[in-house]
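Since this is a predicted model, take the numbers as computed values, not measurements. For this chain, numbers begin at 1 and follow the sequence in order.
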Amino acid sequence: MLSDILMWNKIGRIVILLAERLDITPERALDIFYTSKTNERLHDPSTLLYTFGDRYIVDDVIREIQN
């Protein structure tokens, strides 16, 4: 339960940073993030991506959409 709350908070921070970096609405950033492979990896405990900083994860999403 607590881990769910922590993950929701992390995703919220990532989405806000992504919206700022791409100059888009938070709603659009949420859509981009939730449909990304980065989101899948974030929820996969074996990748340990959840231990990385928010800005690193935002950079990963941006790299993904640029490719």
What is the distance from atom [atom1] of [X] to atom [atom2] of [Y], rounded to the nearest 0.5 Å?
| X | Y | atom1 | atom2 | answer |
| --- | --- | --- | --- | --- |
| Asp59 | Gln66 | CG | CD | 9.5 Å |
| Asp54 | Leu18 | CG | CG | 11.5 Å |
| Asn39 | Ile32 | CG | CD1 | 12.5 Å |

Can you check whether [X] reaches [Y] side chain to side chain, under 4.5 Å on heavy atoms?
| X | Y | answer |
| --- | --- | --- |
| Tyr34 | Ile11 | yes |
| Tyr56 | Leu49 | yes |
| Ile57 | Arg13 | no |
| Thr47 | Glu40 | no |
| Thr38 | Arg41 | yes |

> Does the distance from a Lys or Arg side-chain N to an Asp or Glu carboxylate O, for Arg28 and Asp31, drop under 4.0 Å?
Replying inline: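 Yes, Arg28 and Asp31 are salt-bridged.
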
>> Hydrophobic clusters here meaning ILVMFWY residues chained together by side-chain heavy-atom distances under 4.5 Å, can you tell me if Ile16 and Ile62 are in one?
In response: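 No, it is not one cluster - the side chains of Ile16 and Ile62 are not joined through contacts under 4.5 Å.
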
> Is there a donor-acceptor contact under 3.5 Å from the side chain of Glu64 to the main chain of Ser36?
Replying inline: no

> How far apart are the closest heavy atoms of Leu42 and Tyr50, and which atoms are they?
Replying inline: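 Where Leu42 meets Tyr50 most closely, the heavy atoms are CD1-CA, 3.5 Å.
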
> For Asp60 and Lys37, what are the C-alpha separation, side-chain angles and deciding distance, and is it a salt bridge (Lys or Arg N to Asp or Glu O under 4.0 Å)?
Replying inline: CA-CA 9 Å; Asp60 199 49; Lys37 296 284 185 194; over 6 Å; no

>> Around atom CG of Asn9, are there more than 12 heavy atoms from other residues, nucleotides or ligands closer than 6.0 Å?
In response: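 Enclosed: over 12 neighbouring heavy atoms sit under 6.0 Å from CG of Asn9.
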
